[in-house]
Enquirer: 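If you scroll down you'll find the structure; I have some questions about it.
The structure displayed is predicted, hence computed values, not measured ones. Numbered from 1 within each chain, the chains take letters A, B, ... in sequence-line order.
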Number of protein chains: 2
Amino acid sequence: MAKIHEVAEAAGVSISTVSYALSGKRTISAETRRRIEQAVRELDYRPNAGARMLAGRRTNIFALTEPFRADTYAPAHMAFVLATSIAARRYDYDVLLLTEEQASAGMRRVARSGLADAVLVLDVAPDDERVELARHLDIPSVFVGVPNDHDGLVCVDLDFEAAAGLAVDRLADAGHRTIGLLGHPAAAYHRSNFPPRVRAGFERRARERGLADTVELPEFGGARRVAVRAALGVLLDRGVTGIVLHCDEEAHVAALDELAARGLRVPDDVSVVSVGSTFDTSSMQPPLDVLPLVPQASCDLAVDLAMQLLSDAVPPPGVRLVAPVYHDHGSVAPPGRR
Amino acid sequence: MAKIHEVAEAAGVSISTVSYALSGKRTISAETRRRIEQAVRELDYRPNAGARMLAGRRTNIFALTEPFRADTYAPAHMAFVLATSIAARRYDYDVLLLTEEQASAGMRRVARSGLADAVLVLDVAPDDERVELARHLDIPSVFVGVPNDHDGLVCVDLDFEAAAGLAVDRLADAGHRTIGLLGHPAAAYHRSNFPPRVRAGFERRARERGLADTVELPEFGGARRVAVRAALGVLLDRGVTGIVLHCDEEAHVAALDELAARGLRVPDDVSVVSVGSTFDTSSMQPPLDVLPLVPQASCDLAVDLAMQLLSDAVPPPGVRLVAPVYHDHGSVAPPGRR
DNA sequence: TTGAAAGCGATACCAA
DNA sequence: TTGGTATCGCTTTCAA
């Protein structure tokens, strides 16, 4: 592996000139820069990561903490990991994956050994052990998700509350007076930070719009579809004509199946809006209106903030909410014959 | 962050003694070791990663290349990423995630910058661009999966062919004479390295046992269940009484639903065995016999091999196949009334 | 616009 | 069993 010394020699300059040419922290004459770039190319030179970490201030690595649990919903989490990785590469950063059970141990280890410049915290629980740790870490961190106690933290997330509110608005505007929320299993409301926010947004806006609302949280488990069917039954028994879905893909499919099985058409008989989904609802049967959760949006912003935290223009702590966008696929209509 | 110098001072020894005490590469007197360990604990010392990379030979980092594609089946892939991470931690190694589209670029970058000691290659395609690159990389690599051309490579994987063979054996032993394979969508047989191996194992053993066999590869897409239903129809029309499943969880569920919808009971009317699944088939309705793909088994072995490649006892290249294990959950019985 | 040289914080060789 | 120190390959300050 070529070293900076060889590049300098090949270009006929000193190693410091090579270093500055590569980092851009000094103005280099066009001719010199050209020769250096050529030497770099010919030698396929890449600065040694260890040397760079040691001499410079940067590791060019983000630690990504995402404690995988048995009940982790893989597709969504993987989407976030991928989005983070892509976002990081925009700044020539790599991502070190921390998946340990005890997330704190990994964060502490990485921070104290100077392996990463910052920590990106995913899969945030309402009451997350990493919150307290983040406050005392010697490197900055950005949370993708909003824990209950986020004092002094930098957080990024979709504005789930607003998303749920917009979904309710859409139904209310279409004339629905009785609506329902089909949510995640109850346990998710303690484990994840966003289901409660969707629920709160749903209930608040329903109240504001004077709608009758019902929330059902079908359980996971062997007979998932049975639970979804029962939940839908409850909603329909209460006269619900508009449904907000905030659950995983499987529950979406099960709900649509159940509506079809009952002979209810969307949107003629029942209107449906999906909130905070990471999967594609536009190719479902029927396509569903959705206010999606876009991992890349949150992760791009999170990485941008991390970079700022590493600069001299440190942004203030606080929660940055990404505005939800409504995608119309024709699953909402005025209440029908039911 | 404490440095080795401070530890040495606190323990009243030289920095080299501290270094040796921590690496265990030298015998240290019990008393000295005790004092050093105490100093380390009190200062919460962790060696600086960059300095270690530069001075030592090791980065203590594995690069994990897994090019996420749109059609990637997230749960399985995430399971492998997690298993790799866990396996790596056993040796105090961290995992750097390479997800870039052009996997080769990431591998080359990491290798040339000395960011990782070895590369673990996941999600291996039959004809994988990373194969050729791995041969010319300056750091060793281990493939989790077996590409067609694996000459000179170190590969680890479940013995899918044997697994399919054992599934066929089980059905044949129970008396089935006409069996079917419900596989992944056709495209998967070009994209992934293992579906063809399952198919080959299935067909070969069926031939050896003198069974009539049919292979159906239902497509993905909007109406997944429809495709699975049609495929099952074909198999049943051909008089199949024993079915081998090698497909994702959704297809499993769809297949079982379809059997139930047709009034066929498992195993009374139809016997079913799942091959190479990473999800839990024992809690399905009904529970299914399975020869599972256990990510931790492959990944532990892969990491063990990577560590050996970094040692002076370099193992020879070649394919290491993990023996499949049959889990009986009562979904196979002698052919019934059909 | 460029160069020389002092670190960065470990590892491991050479001595003692 | 322990210590002194050259060395790893870069970044960055100080000079020119």
Enquirer: Check the pair A:Arg130 / A:Thr65 against side chain to side chain donor-acceptor pair (under 3.5 Å), numbers first and verdict last.
Expert: CA-CA 9 Å; A:Arg130 296 169 293 178; A:Thr65 147; 2.8 Å; yes
Enquirer: Between A:Ala2 and B:Gly12, which residue's closest nucleotide on DNA chain D lies nearer the 5′ terminus?
Expert: B:Gly12
Enquirer: Taking all non-hydrogen atoms of both residues, which atom of A:Leu158 and which atom of A:Pro292 are closest, and how far apart?
Expert: CD2-O, 3.7 Å
Enquirer: Classify every nucleotide of nucleotides 11-16 of chain C by which part a protein heavy atom approaches to under 4.0 Å, writing B for the base, S for the sugar-phosphate alone and - for neither, in 5'-to-3' order.
Expert: BBBB--
Enquirer: Output the single nucleotide from C:dT1, C:dT2, D:dC10 whose closest atom is nearest the side chain of A:Thr27.
Expert: C:dT1
Enquirer: Determine whether B:Tyr91 and B:Val303 make a side-chain contact, defined as any pair of heavy atoms from C-beta on separated by less than 4.5 Å.
Expert: yes
Enquirer: If the threshold is 4.0 Å, N to carboxylate O, is there a salt bridge linking A:Glu31 and A:Arg34?
Expert: yes
Enquirer: Thinking salt bridges, do B:Asp149 and B:Arg135 make one under a 4.0 Å N-O criterion?
Expert: yes
Enquirer: What is the distance from CE of A:Met1 to C1' of D:dC10, rounded to the nearest Å?
Expert: 14 Å
Enquirer: Taking the minimum atom-to-atom distance to the side chain of B:Ser29, which one of C:dT2, C:dG3, D:dT1 wins?
Expert: D:dT1
Enquirer: Can you tell me how far P of D:dC8 sits from NZ of A:Lys3, to the nearest Å?
Expert: 7 Å
Enquirer: Should the pair A:Asp44-A:Arg41 be classified as a salt bridge under the 4.0 Å nitrogen-to-oxygen rule?
Expert: no
Enquirer: Measure the distance from CZ on A:Arg35 to P on C:dT1 and round it to the nearest whole Å.
Expert: 15 Å
Enquirer: For B:Leu54 and D:dC8, give me the distance from atom CG to atom P, rounded to whole Å.
Expert: 9 Å
Enquirer: In whole angstroms, how far is the P atom of D:dG9 from the CG atom of A:Asn60?
Expert: 19 Å
Enquirer: What verdict does the salt bridge (charged side-chain N to carboxylate O under 4.0 Å, His left out) test give for A:Arg90 and A:Asp304, after you've listed the backbone C-alpha separation in whole Å, the side-chain angles of each residue and the deciding distance to 0.1 Å?
Expert: CA-CA 10 Å; A:Arg90 293 178 307 154; A:Asp304 289 344; 2.9 Å; yes
Enquirer: Whole-Å distance between C:dT2 C1' and A:Ile28 CD1?
Expert: 8 Å
Enquirer: Take atom NE2 of B:His5 and atom P of D:dT5, then tell me their distance rounded to the nearest Å.
Expert: 14 Å
Enquirer: Expressed in angstrom and rounded to an integer, what is the separation of B:Asn48 atom CG from D:dG9 atom C1'?
Expert: 14 Å
